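Residue numbers count from 1 along this sequence. Any value given below was found using the heavy atoms of this structure, including those in side chains, with hydrogens, waters and symmetry copies removed. This is a predicted model, so every value here is computed, not measured.
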Amino acid sequence: MILDHENIRRPAMINAPHILVFDSGVGGLSIVQHIRLHVPHATITYLADNLFFPYGVLDDQTLLSRTCEIVSWAHNHYQPSLIVIACNSASTLVLPHLRAILGVPVVGVVPAIKPAAAMSTTNVIGLLATPATIQRDYTDELIAEFAPHCEVIKVGSAALVDFVERKMAGLKPTENEIKHILSLFNQHPRWSSVDTVVLACTHFPLVKRELSDAAPSIKHWVDSGDAVARRVTSLLTSLPGELSSGAAVNRILFTSSSGITDTFKKGLQPFGFDEITILA
Ligand code: DGL
């Protein structure tokens, strides 16, 4: 039999970087949205370690060893060209450890203190994060370096992280629930001067509309999504190109089946994954 090679249909070969995005749950999807805008041709493998969720209340040693273990496994298994730790709670603790053990660039997501300090005209800033990120030395170092002229009012909330996971499962937080979380800021005498709030947990941009409706006096809600996507773009230009077929699969993986209901899967649809996999 003679094969006419010219006429065999092959998938188009495109230069498509493969990015692994990692978080404890759905929060890192707020980062995926920005990466897709900046690098639309990238293939994304998203790993949510919902077995150990929530990361924001784990003790440092557990968070460090779990993140190193699961991200190293995913790196070996999926061979991405770049990894994004789309979690402030993990990034503010584990980045140097991950960079020492992984052979690809690792981009972290850390509180956007620098742009917030530049945007604030009152120089009184709110920092909304997980309890873990709030108490990190790394966060204090960012404040000392980039916002020495500002008063920074910190609030740690694990409940808001939960609200975002519930929203993905179709249960939107009520106005009262959001107001209750923001009332933790009210206890500070200078809250009325706050004009800028840093959303220092990747889950929180997914309820930005609800937050701004509940606190209309806040002018700027600042997150790290765009800066992270720009960093990813610049690192990718210095990496060798990776040819892959145009049929590359965008996957989302969960380490536990807990909470992965049909409604939850429907909530994931706008994020453009071709496959949902439960690893456990
Ligand atoms: N989205 C993560 C962060 O940015 C973790 C939230 C959690 O699991 O507590 O901190």
Side-chain angles (χ1 to χ4, degrees), residues 21-33 46-60 62-63 66-67 70 85-93 109-111 126-136 139 153-187 197-215 218 221 223-225 252-271 276 278-280:
V21 181
F22 173 76
D23 185 28
S24 61
V26 299
L29 296 175
S30 70
I31 302 294
V32 167
Q33 289 174 323
Y46 186 97
L47 174 57
D49 187 17
N50 58 332
L51 186 64
F52 276 65
F53 173 89
Y55 272 17
V57 296
L58 291 182
D59 67 83
D60 290 6
T62 308
L63 181 54
R66 174 61 180 176
T67 310
I70 189 81
I85 305 300
C87 174
N88 291 260
S89 310
S91 295
T92 49
L93 183 72
V109 178
V110 299
L127 178 67
L128 189 55
T130 63
T133 301
I134 287 294
Q135 50 90 33
R136 291 260 185 275
T139 302
I153 304 172
K154 300 183 200 171
V155 162
S157 174
L160 189 56
V161 179
D162 251 332
F163 288 161
V164 175
E165 294 285 328
R166 273 176 30 195
K167 184 180 173 186
M168 195 59 74
L171 291 165
K172 288 201 174 144
T174 65
E175 201 183 323
N176 276 347
E177 285 175 323
I178 296 287
K179 280 195 168 150
H180 178 71
I181 285 163
L182 292 172
S183 72
L184 301 169
F185 278 115
N186 283 337
Q187 292 157 15
V197 174
V198 182
L199 299 176
C201 167
T202 53
H203 279 74
F204 299 168
L206 299 173
V207 285
K208 190 166 161 182
R209 167 81 54 82
E210 289 88 336
L211 288 164
S212 64
D213 286 350
I218 303 302
W221 299 89
D223 64 71
S224 309
I252 182 160
L253 314 153
F254 294 90
T255 52
S256 159
S257 60
S258 164
I260 316 298
T261 59
D262 286 345
T263 329
F264 182 87
K265 286 180 185 170
K266 211 166 144 211
L268 292 174
Q269 274 171 7
F271 296 95
I276 301 176
I278 316 283
L279 295 168

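The aromatic rings of Phe264 and Phe254 lie perpendicular to each other, with more than 60° between the two planes, well past the 30° mark.
Here the closest non-hydrogen pair linking Thr139 and Pro111 is OG1-CG, 4.3 Å. The minimum heavy-atom distance linking Pro173 with Val207 is given by the pair CG-CG1, 4.3 Å. The shortest non-hydrogen separation linking Ser24 to His203 is OG-CE1, 4.0 Å. Residues Ala48 and Gly25 approach most closely at CB-O, 3.6 Å, considering heavy atoms. Annotation for Val155 and Ile134: closest pair O-CD1, 3.4 Å, computed over non-hydrogen atoms. Shortest non-hydrogen contact noted between Ala214 and Ile178 is CB-CG2, 3.7 Å.
Distance check: Ile278 CD1 to Ile276 CD1 gives 7.5 Å after rounding to the nearest 0.5 Å. In this structure, Asp223 CG and Thr202 OG1 are separated by 9.5 Å, a value rounded to the nearest 0.5 Å. Note: Arg136 CZ to Leu93 CG = 4.5 Å, rounded to the nearest 0.5 Å. Between the CZ atom of Phe204 and the OG atom of Ser30 there is a distance of 10.5 Å, given to the nearest 0.5 Å.
Counting heavy atoms from C-beta on, the side chains of Leu268 and Ile252 come closer than 4.5 Å. Ile153 has its side chain out of reach of Leu127: every pair of non-hydrogen atoms, C-beta onward, lies at least 4.5 Å apart. Using a 4.5 Å heavy-atom cutoff, the side chains of Phe185 and Ile218 are not in contact. Residues Leu51 and Leu279 form no side-chain contact, since every pair of their non-hydrogen atoms from C-beta on lies 4.5 Å or further apart. No side-chain heavy atom of Leu253 sits less than 4.5 Å from a side-chain heavy atom of Tyr46. Considering only heavy atoms from C-beta on, Phe52 stays 4.5 Å or farther from Leu63 through its side chain. The shortest side-chain heavy-atom distance between Leu160 and Cys201 does not fall under the 4.5 Å cut-off. When side chains are defined from C-beta on, Val21 does not count as touching Leu47, because their heavy atoms never get closer than 4.5 Å.
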Inset, instruction - Give the intermediate values and the outcome of salt bridge (Lys or Arg N to Asp or Glu O under 4.0 Å) for residues Lys172 and Glu177. - result: CA-CA 10 Å; Lys172 288 201 174 144; Glu177 285 175 323; over 6 Å; no
Inset, instruction - Could you give me the CA-CA distance, side-chain angles and deciding distance for Phe53 and Val161, then say whether side-chain contact (heavy atoms from CB on, under 4.5 Å) is met? - result: CA-CA 10 Å; Phe53 173 89; Val161 179; 3.5 Å; yes
Legend entry - side-chain hydrogen bond (donor to acceptor under 3.5 Å, both in side chains) assessment of Asp59 paired with Thr62: CA-CA 6 Å; Asp59 67 83; Thr62 308; 2.7 Å; yes
Inset, instruction - Could you walk me through whether Leu128 and Val198 pass side-chain contact (heavy atoms from CB on, under 4.5 Å), step by step? - result: CA-CA 6 Å; Leu128 189 55; Val198 182; over 6 Å; no
Inset, instruction - Mind running side-chain contact (heavy atoms from CB on, under 4.5 Å) on Thr67 and Phe22 for me, showing each step along the way? - result: CA-CA 9 Å; Thr67 310; Phe22 173 76; 3.8 Å; yes
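Side chains of Thr130 and Ser89: a donor-acceptor N/O pair is present below 3.5 angstrom, by distance only. In the model, Asn88 has no side-chain atom that pairs as donor or acceptor with a side-chain atom of Ser91 under 3.5 Å. Counting only N and O atoms by type, the side chains of Asp49 and Tyr55 include a donor and acceptor under 3.5 Å apart.
Applying the salt bridge (charged side-chain N to carboxylate O under 4.0 Å, His left out) test to pairs two or more places apart or on separate chains, those with a residue in residues 199-211 are Lys167-Glu210.
A donor-acceptor pair under 3.5 Å is formed between the side chain of Asn50 and the backbone N or O of Ser256. Here the side chain of Ser224 pairs a donor or acceptor atom with the backbone of Val110 at under 3.5 angstrom. Between the side chain of Thr133 and the backbone N or O of Ala129, no donor-acceptor pair lies under 3.5 Å. Within the 3.5 Å criterion, the main-chain N or O of Asp162 finds no donor-acceptor partner in the side chain of Glu165. Listed for the Thr263 side chain is no donor-acceptor partner under 3.5 Å among the backbone atoms of Ala169.
Every side-chain hydrogen bond (donor to acceptor under 3.5 Å, both in side chains) that Lys179 has, sequence neighbours left out, goes to Glu175.
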